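Working notes, beginning with the structure itself.
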Amino acid sequence: MLAIIGGTGLTRLTNLIITHRQVMRTPYGEPSGPVTFGTINEHEVMFLARHGYGHTIPPHDVNYRANLWALRDQGAKRVIAVTSVGGIRSDLTPGTLAVPDQILDYTFGRSFTCFDGKDKTVTHIDFTRPYNEKLRQQILAAVKRAGETCVDGGVHAVTQGPRLETAAEINRLERDGADMVGMTGMPEAALARELGLAYATIAVVVNHAAGRGNSIDGIPLETIGAVINPAMERVKAILEFAVSSDGD
Ligand code: HPA
């Protein structure tokens with residue numbers, strides 16, 4: 001089954017016909033909320049709001065392990081994660097959608113692996129290509145079928161937050177090769193790989209990164225709402241097509 005993780009601006013899927021909600025307990029504690037089950041265009045989907053249904057859990061406090069574990073336990077094979085980002089590359093302006101293909105991880109202090117504990121043998125995952133390419137292509141096809149456009153690929157930097165970056169930090173991220181910056185892409189992507197889930201991201205650019213574009217003297221946070229709402233409507237339209245693509 002396909003699972004969708006919604007981020008800021010996507011705490012509810014309005015096109016989801018809900019069948020039931022499941023409260024979950026996992027070896028890692030509780031997920032961000034109950035997993036919502038339902039159908040979109042007669043395709044079964046599950047949905048989880050990453051920051052909780054009331055949007056109360058900040059990026060560094062999300063129980064990423066419990067979230068991914070719960071989705072897999074309930075039968076998810078594929079996970080489409082929706083996340084908002086700041087645009088660093090000049091064509092990644094507010095309102096742009098992107099399906100990144102690489103990650104730079106700057107997070108710290110988060111529970112980033114399911115392979116810990118003294119009783120577990122040392123396990124490494126291959127993470128050369130952090131996103132599942134087949135799922136990325138399915139999202140790109142869904143974007144076309146929805147009559148939408150998006151940027152194919154890009155390096156998604158993930159910072160710790162919850163504060164936004166300094167202009168110098170954004171310059172450093174750019175020198176490192178980052179095209180966009182968000183706060184929730186990691187350890188989510190790595191945990192999905194550890195748990196054997198096909199995982200890919202739709203990134204919604206909601207602001208110019210610090211020191212860029214109209215964020216030259218500060219990120220105009222009050223303008224984000226006006227960008228995020230119509231952009232998430234476009235994401236929902238894309239998801240309607242993405243759910244009908246084949247599973248594995
Ligand atoms: N930086 C980090 N995370 C973000 C941003 C940003 O500019 N915009 C949305 N999420």
Side-chain angles (χ1 to χ4, degrees), residues 4-11 32 48-52 54-64 67 80-110 112 130-131 150-151 153-191 199-236 238:
I4 295 163
I5 299 179
T8 304
L10 192 68
T11 48
S32 299
L48 186 61
R50 186 188 288 113
H51 301 285
H55 203 272
T56 51
I57 310 169
H60 59 280
D61 261 348
V62 171
N63 191 340
Y64 296 96
N67 286 354
I80 297 180
V82 182
T83 194
S84 4
V85 294
I88 301 177
R89 210 170 76 194
S90 60
D91 60 324
L92 291 174
T93 53
T96 305
L97 306 181
V99 184
D101 62 357
Q102 277 297 334
I103 292 177
L104 285 168
D105 183 12
Y106 300 92
T107 64
F108 51 87
R110 302 183 182 189
F112 54 88
Y131 297 110
C150 77
V151 171
V155 178
H156 177 192
V158 188
T159 54
Q160 177 69 358
R163 69 163 177 85
L164 292 150
E165 298 72 33
T166 66
E169 284 170 337
I170 293 299
N171 290 339
R172 178 178 75 139
L173 295 190
E174 184 171 52
R175 286 194 299 275
D176 284 356
D179 298 309
M180 64 197 93
V181 55
M183 297 176 191
T184 57
M186 284 294 285
E188 200 172 80
L191 292 165
Y199 176 97
T201 289
I202 302 178
V204 180
V205 182
V206 296
N207 58 280
H208 285 284
R212 301 295 155 97
N214 69 348
S215 300
I216 188 84
D217 291 321
I219 298 176
L221 296 172
E222 67 288 354
T223 64
I224 288 181
V227 177
I228 214 169
N229 296 331
M232 288 303 169
E233 290 308 313
R234 292 163 56 212
V235 168
K236 287 179 202 166
I238 291 165

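In listed order, ligands and their atoms are each counted from 1. Keep in mind it's a predicted model, so treat the numbers as computed, not measured.
Of all the atoms in ligand 1, the ones that sit under 4.0 Å from a non-hydrogen atom of Val206 are 8 (N), 9 (C).
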Run the salt bridge (Lys or Arg N to Asp or Glu O under 4.0 Å) test on Lys236 and Glu233 for me, step by step, so that the C-alpha distance in whole Å, both residues' side-chain angles and the decisive distance to 0.1 Å come before the verdict.
CA-CA 5 Å; Lys236 287 179 202 166; Glu233 290 308 313; 3.1 Å; yes
Are Thr83 and Thr201 close enough, and set up right, to give a side chain to side chain donor-acceptor pair (under 3.5 Å), and what steps lead you there?
CA-CA 7 Å; Thr83 194; Thr201 289; over 6 Å; no
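Among all protein heavy atoms, the one lying closest to atom 7 (O) of ligand 1 is Asn207 ND2, 3.0 Å. Taking atom 5 (C) of ligand 1 as the reference point, the nearest protein heavy-atom neighbour is Gly86 N, 3.4 Å. Closest protein heavy atom to atom 4 (C) of ligand 1: Val181 O, 3.5 Å. Summary of contacts: the protein heavy atom closest to atom 6 (C) of ligand 1 is Leu164 CD2, 3.3 Å. With respect to atom 10 (N) of ligand 1, the closest heavy atom belonging to the protein is Ser84 O, 3.4 Å. Of the protein's non-hydrogen atoms, the one nearest atom 1 (N) of ligand 1 is Glu165 OE1, 2.8 Å.
Considering backbone and side-chain N/O atoms, Ala210 never comes within less than 3.5 Å of an N/O atom of ligand 1.
Side chain of Arg50 to backbone of Leu10: no donor-acceptor contact under 3.5 angstrom is found. Although no hydrogens or angles enter the test, the distance criterion places no donor-acceptor pair under 3.5 Å between the side chain of Asn207 and the main chain of Ile224. Side chain of Arg212 to main chain of Arg89: no donor-acceptor pair is present (N/O by atom type, distance under 3.5 Å, no hydrogens or angles).
Side-chain contact between Val205 and Val151 is absent, with no heavy-atom pair separated by less than 4.5 Å.
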